[in-house]
Amino acid sequence: MLDEKLEPIYADVLRRNPGEDEFHQAVREVLDSLGAVIAKHPIYAEGALIERLCEPERQIIFRVPWVDDQNRVQINRGFRVQFNSALGPYKGGIRFHPSVLLGTIKFLGFEQTFKNALTGMPIGGGKGGSDFDPKGRSENEIMRFCQSFMTELGRHIGEHTDVPAGDIGVGQRELGYMFGQYKRITNRYESGVLTGKGLNWGGSRVRTEATGYGAVYFVDCMLRTRGQSFDGKRVVVSGAGNVAIYTMQKVASLGGRIIACSDSEGYIVEENGIDLELLKEVKERRRGRVSDYAKLRGSGVIFKPNGRVWDVPADIAMPSATQNELTGQDARTLVKNGVIAVGEGANMPCTPEAVRAFLDAKVLFGPGKAANAGGVATSALEMQQNASRDSWSFETTEKRLSEIMHGIHDRCAQTADEYGAPGNYVLGANIAGFMRVAEAVRALGVI
Ligand code: NDP
Ligand code: 2IT
């Protein structure tokens, strides 16, 4: 039930953003946590403050024309939603996936605003992307697409304005082509305009690993509140991309056993633990599928093209692929099989019904805007290094990341306690993120 002051705000979001289900879902989830805040601090219900947080400052949609290897002209749609810049330049990734619509980017930009606030760093919230499908495209096609995308995006971004990074379908290769095109257009070596860059062209150590490592630190903090750890636990991760791979790597280093992971074509189960070096070889260097891993690995691993990775019994689940990939039914299966902790590496991977099932069963549940904030936090560290023309060691950067994740965990836990819901990290993350961004929005006046 929504607070009666919040109901008309949500009704307005539905009316003004028709058909954007994911955006509605993300807004609803935050508003569900805010009733307690406005009861305690009525000032936040004034000045259309919450309405302003639900309305992006700027939404850019553009055509991306490019020529494929058969000399055919292709047209995609590009987006950048500059959601909120009260705390700093817009900051958030770029997603290339055929499912991308404006509502997808709006949900991600909205989440990003609160996530970035939660890190305590000076970054606003934004997100971008395209419905371009990189699968099966040649290296040259990817380059031409990225160049065309940046030819338009370039006029809207800058180190003090808006700083994109990677997300699904966008990694260091794509960022390289985009940075190259931006540099060419502007004739400036403006390192701070993008993060997730390569190490010898302005990137930060640990950025590649940061989201996965950070998610594991967050879950580790939650486990410790119950005297538990990753050691000896069975862990199931979904996805096999950037976030999933470095989640698995950190879990393994803490003594956990990775039993299963997936991609959009199916999942693999290996009771003795997945061989991460081989998986990285297949996914990162060969750009292959988890089914290719199964073929190369031979006996001991099963590839399942159908079914749900969440049917594999696990102590800890880390959904790290995409939104709404873990349903209420999946959550009930995990609970039945004895799951003790769930950390969202992806953005909004658990449906509202799934989140409720975990909270009801008192499973430790780390919501994405807290658990996966290590990626963007390390992006902010990359911006710091770029601004000071410095480059930190792996150890220094990882220590900063670990401190940031501990800080986020403690802020969420304390806020949940303060609002009478100990252990509810969803409430804690939403309220703590909201308070920081709302304070700044109020201070800056009606702009
Ligand atoms: P990648 O592109 O590296 O990997 C994505 C993985 O998820 C792939 O294994 C992909 O499978 C799978 N996947 C993607 N879309 C779908 C889908 N619709 N159905 C089933 N499987 C799917 O992306 P990232 O690892 O960077 O991102 C994963 C998640 O983490 C996203 O939600 C992203 O927003 C979030 N995130 C990423 C951060 C980062 O720093 N990269 C930071 C914080 C959150 P396939 O290859 O078959 O498509
Ligand atoms: O969802 C996310 O936080 C990201 N994709 C990372 C954003 C960033 O700017 O590093």
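Starting from 1, each residue takes its place in the sequence as its number. Just follow the structure's listing: the first ligand is 1, and inside any ligand the first atom is 1.
- For S99, the closest heavy-atom approach to ligand 1 does not fall below 4.0 Å.
- On a distance-only criterion, G169 and ligand 1 share at least one N/O pair closer than 3.5 Å.
- Here is the list of ligand 1 atoms found below 4.0 Å of a heavy atom in G345: 30 (O), 35 (C), 36 (N), 44 (C).
- Close N/O approach between K127 and ligand 1 is not found [any backbone or side-chain N/O within under 3.5 Å].
- Scanning the protein for heavy atoms near atom 19 (N) of ligand 1, the closest one is T322 CG2, 3.9 Å.
- Between L108 and ligand 1, not a single N/O pair is under 3.5 Å apart.
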Dump all N/O pairs between ligand 2 and the protein below 3.5 Å as a table: atom names plus distance, one pair per row.
from     : atom 1 : to   : atom 2 : distance (Å)
ligand 2 : 1 (O)  : Q112 : OE1    : 3.4
ligand 2 : 1 (O)  : K115 : NZ     : 3.0
ligand 2 : 1 (O)  : K127 : NZ     : 3.0
ligand 2 : 1 (O)  : N347 : ND2    : 3.0
ligand 2 : 3 (O)  : Q112 : OE1    : 3.4
ligand 2 : 3 (O)  : Q112 : NE2    : 3.0
ligand 2 : 3 (O)  : K115 : NZ     : 2.7
ligand 2 : 5 (N)  : K127 : NZ     : 3.3
ligand 2 : 5 (N)  : G166 : O      : 3.1
ligand 2 : 5 (N)  : D167 : OD1    : 2.9
ligand 2 : 9 (O)  : K91  : NZ     : 2.6
ligand 2 : 10 (O) : R207 : NH2    : 3.0
ligand 2 : 10 (O) : S379 : OG     : 2.5

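- Using a 4.0 Å cut-off between charged side-chain N and carboxylate O, R287 and D292 make no salt bridge.
- Protein heavy atom nearest atom 12 (C) of ligand 1, with residue, atom name and distance: A321 CB, 3.8 Å.
- Only the side chain of R289 comes within 4.0 Å of ligand 1, judged by heavy-atom distances.
- When only non-hydrogen protein atoms are considered, atom 45 (P) of ligand 1 lies nearest to S264 OG, 3.5 Å.
- The distance criterion of under 3.5 Å between nitrogen or oxygen atoms is met by A240 with respect to ligand 1.
- Of the heavy atoms in D263, both backbone and side-chain atoms come closer than 4.0 Å to ligand 1.
- The shortest N or O to N or O distance between T211 and ligand 1 is under 3.5 Å.
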I'd like a table of donor-acceptor pairs (distance under 3.5 Å, sequence neighbours excluded) in which one partner is a side-chain atom from residues 209-217, with atom names and distances.
from : atom 1 : to   : atom 2 : distance (Å)
Y213 : OH     : Q249 : OE1    : 2.9
Y217 : OH     : E398 : OE2    : 2.4

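- Summarising the contacts of atom 3 (O) of ligand 1 with N242, T208, N372, the nearest heavy atom is found in N242.
- The side chain of R207, and not its backbone, has at least one atom closer than 4.0 Å to an atom of ligand 1 (non-hydrogen atoms only; side chain from C-beta on).
- K135 counts as a contact of ligand 1, since one of its heavy atoms falls under 4.0 Å from the ligand.
- You'll find the side chain of E403 reaches within 4.5 Å of the side chain of K399, heavy atoms only.
- The existence of a salt bridge linking R155 and E152 is confirmed by a sub-4.0 Å separation between a basic side-chain nitrogen and an acidic carboxylate oxygen.
- Note on ligand 1: R95 sits in its first shell, one or more heavy atoms being nearer than 4.0 Å.
- Considering each of V290, I168, V309, the one bringing a non-hydrogen atom nearest atom 27 (O) of ligand 1 is I168.
- The ring-ring contact (aromatic ring centres under 6.0 Å, His included) contacts involving residues 292-328 comprise nothing, where partners must be two or more places apart or lie in separate chains.
- Among all non-hydrogen protein atoms, the one lying nearest atom 24 (P) of ligand 1 is V243 CG2, 3.9 Å.
- Residues satisfying the side chain to side chain contact (heavy atoms under 4.5 Å, CB included) criterion with V219, sequence neighbours excluded, are M222, L223, F230, I316, M318, A341.
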